[in-house]
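Reading through the structure tokens given below for one structure.
We name chains A, B, ... by the order of the sequence lines, and we start the count at 1 in each one. Please read these numbers as outputs of a predicted model, since none were measured by experiment.
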Amino acid sequence: MSGKRISMVEKSNNKRQRVNQVPKFSINDHHDVLVEILRRLDGPSLCSAACVCRLWSAVARNDSIWEELCFRQVSPRPSLSLRSVVSALGGYRCLYFLCIRPVLARLPKLRWTRDQLQLSLSLYCVHYYERLYVGAWLGDAPPSSLMFLRKPVNVV
Amino acid sequence: MKRGHGETWDPPPASRSREGPSMADKKKVADDNNNMDDELLAVLGYKVRSSEMAEVAQKLEQLEMVLSNDDVGSTVLNDTVHYNPSDLSTWVESMLSELNNPTSSDLDPTRSCVDRSEYDLRAIPGLSAFPKEEEVFDEEASSKRIRLGSWCESAGESTRSVVLVDSQETGVRLVHALVACAEAIQQENLNLADALVKRVGTLAASQAGAMGKVATYFAQALARRIYRDYTAETDVSGGSFEEVLQMHFYDSCPYLKFAHFTANQAILEAVATARRVHVIDLGLNQGMQWPALMQALALRPGGPPSFRLTGIGPPQTENSDSLQQLGWKLAQFAQNMGVEFEFKGLATESLSDLEPEMFETRPDSETLVVNSVFELHRLLARSGSIEKLLNTVKAIKPSIITVVEQEANHNGIVFLDRFNEALHYYSSLFDSLEDSGSLPSQDRVMSEVYLGRQILNVVAAEGSDRVERHETVAQWRIRMKSAGFDPVHLGSSAFKQASMLLSLYATGDGYRVEENDGCLMIGWQTRPLITTSAWKLAGGGESRR
């Protein structure tokens with residue numbers, strides 16, 4: 001969408017005249033603002049937002065949004081070196097879908113301290129390593145070390 | 001199960017009269033005992049003290065179960081003599097004791113085998129549950145009697161008594177047959193053992209679930225032992241099939257993950273301030289333990305130390321150099337993490353061949369860690385091996401040694417004890433693998449094959465072939481202490497991570513983490529299965545951090 005909108009206006013003498021309209025604000029023009037808004041969403045809302053349109057889906061792939069989602073409840077906030085590690089392992093979005101979301105689904109009242117964070121990252125590491133380096137050796141089988149996280153739980 | 005007084009009382013008097021002496025309606029006036037007799041029963045003619053109601057109810061249930069098992073000759077019970085049948089308590093007592101001590105002597109002298117395992121199998125729910133009992137064994141053709149002696153007492157005390165239903169009954173028979181077969185082997189009666197093992201095979205085939213699978217593996221192992229057909233599994237590809245199986249075992253259940261994560265946490269705490277870390281892994285396999293450690297080191301405040309890994313593996317075949325390839329994979333991973341990495345692979349047939357010089361340690365600059373997951377017990381097969389290895393480890397002066405071993409005594413001298421221990425242990429393991437209501441995956445099937453190979457080794461192999469010589473942590477403690485190591489307690493961080501890991505598993509309420517004097521044990525239901533422990537050199541030399 002272009003910034004300026006030129007619209008046709010009917011004048012009283014039936015002649016159409018071009019008028020420059022004041023540009024309306026469209027969020028789609030301001031991706032950084034969009035990112036800031038999406039960062040504050042929770043998981044399900046963020047996933048819904050990513051389904052709105054192609055633009056939003058592309059913007060929602062911004063890893064900082066998912067970083068916020070993953071570690072919002074962690075206190076103290078993890079150090080910046082975590083960012084490079086997680087990026088190397090496949091990014092926060094994958095971390096969220098593979099580890100954090102199943103963990104939260106399984107243990108909704110989990111208090112995120114350093115130990116829980118460490119375990120999630122360890123599992124993510126194992127998955128990454130298995131996918132890249134072990135999978136082929138096992139013969140086309142997809143890595144299944146995190147399969148246990150996907151199995152349904154009988155919640156009584 | 002609940003023992004409601006009201007529920008259990010109504011039918012029994014009528015049904016008991018079939019087997020026992022006639023219970024013609026005798027209307028007796030209730031005697032005045034110290035406790036009041038139950039009034040309702042008194043009307044029917046039975047004298048039972050109110051205080052004894054629960055106990056008598058239990059005993060009647062046991063009787064009912066025994067009588068519904070057609071193997072047990074109800075003729076025995078018909079022959080028992082009862083006095084004062086209105087006194088239900090003593091009547092039931094006499095029935096039960098009659099079953100325990102059959103007075104008929106037309107059988108050959110019987111031998112009993114005592115199940116001396118430490119762990120109470122009744123705690124295992126599901127089809128693999130069976131009580132521990134003494135078994136009276138006679139010639140194979142005649143019916144078997146089930147001794148209820150120890151079972152009754154223990155069932156009486158425990159509020160968790162298992163109520164056996166028909167399908168579990170075949171499980172009970174299956175276990176009887178297995179133990180009887182092992183006992184026959186112990187007595188060198190191989191013909192009997194052969195007949196029994198075939199019976200076990202047929203029983204196991206009809207038993208669904210974990211119990212059937214365990215029994216099948218044990219039956220195969222017993223058969224191999226009878227025919228002395230154990231050949232050490234030699235892999236052409238240098239042990240890589242074993243590694244594949246262990247990989248599936250890693251994926252399908254938490255035991256290896258638990259082992260790796262708790263050992264890693266102990267290592268992390270030990271090298272907290274080191275600038276250079278050197279880890280010696282006595283059994284590298286696929287190196288699944290080290291990516292997580294490298295990631296944790298990368299996130300250390302103050303930056304990662306430089307990480308050097310010496311991996312030990314089986315001898316390589318000419319075409320492949322899997323150790324070096326593994327090192328390369330780990331190096332790539334380390335580069336992604338931003339951790340300085342160095343790798344060396346040592347191929348050796350047996351760990352006792354290692355010499356301190358092979359490790360090329362740099363004691364002035366690096367902090368040394370030795371890690372062993374399921375490797376130490378193999379050395380118990382040859383005398384002197386474990387001592388040599390521990391001396392070698394002492395000589396290189398590590399800061400910490402992390403040891404993960406199975407929590408079971410499969411190294412007893414008497415075959416029958418080993419067999420019983422192994423039966424209980426692997427029953428628990430298979431039970432934990434049995435996911436409720438999900439289809440068997442390749443992971444699970446391969447894990448069962450992995451465990452089946454261990455079962456085969458424990459049961460059928462002897463001498464230096466028998467490498468699965470598991471020992472309990474108490475035994476390892478003695479061994480390590482006498483070799484000159486002091487225990488290092490694993491911290492609460494490791495415990496919390498382990499607890500969280502187990503709670504993520506769908507069957508998570510079956511897994512348990514316990515702390516045992518500084519060691520962490522993961523178990524299924526009440527049975528500990530794997531133990532992680534940490535050690536340092538005794539005498540507390542300066543810790544170079």
Rounded to the nearest 0.5 Å, what separation is found between the CG atom of B/Asn264 and the CG atom of B/Asn371? 7.5 Å

Which of these passes ring pair (Phe, Tyr, Trp, His ring centres under 6.0 Å) with B/Tyr255: B/Trp524, B/Phe374, B/Tyr250, B/Tyr511? B/Tyr511

CD of B/Gln442 to OG of B/Ser447, rounded to nearest 0.5 Å, is 9.5 Å

Contact origin within B/Asn336 toward chain A - heavy atom pairs under 4.5 Å: both

Considering only heavy atoms and a distance below 4.5 Å, find which of A/Val126, A/Leu119, A/Leu110, A/Leu82 pairs most often with chain B. A/Leu119

Contacting moiety of B/Gln289, where chain A heavy atoms sit under 4.5 Å: neither

Under 4.5 Å from any heavy atom of chain B, what part of A/Tyr124 do you find: side chain, backbone, both or neither? neither

Would you say the rings of B/Phe333 and B/Phe341 are close, in the sense that their centroids are separated by under 6.0 Å? no

Under 3.5 Å, is there a donor-acceptor pair between the B/Gln265 and B/Thr262 side chains? no

Where do B/Val404 and B/Leu256 land on the side-chain contact (heavy atoms from CB on, under 4.5 Å) test, with the steps shown first? CA-CA 9 Å; B/Val404 178; B/Leu256 274 179; over 6 Å; no

Does A/Phe25 reach the side chain of A/His30, with side-chain heavy atoms less than 4.5 Å apart? yes

Counting heavy-atom pairs under 4.5 Å with chain A, which one of B/Pro291, B/Ala298, B/Cys253, B/Gly287 comes out on top? B/Pro291

Any idea which heavy atoms bring B/Leu293 and B/Phe307 closest together, and the distance? CD2-CE1, 3.8 Å

Under 4.5 Å, heavy atom to heavy atom, which residues of residues 44-68 of chain A contact chain B? none

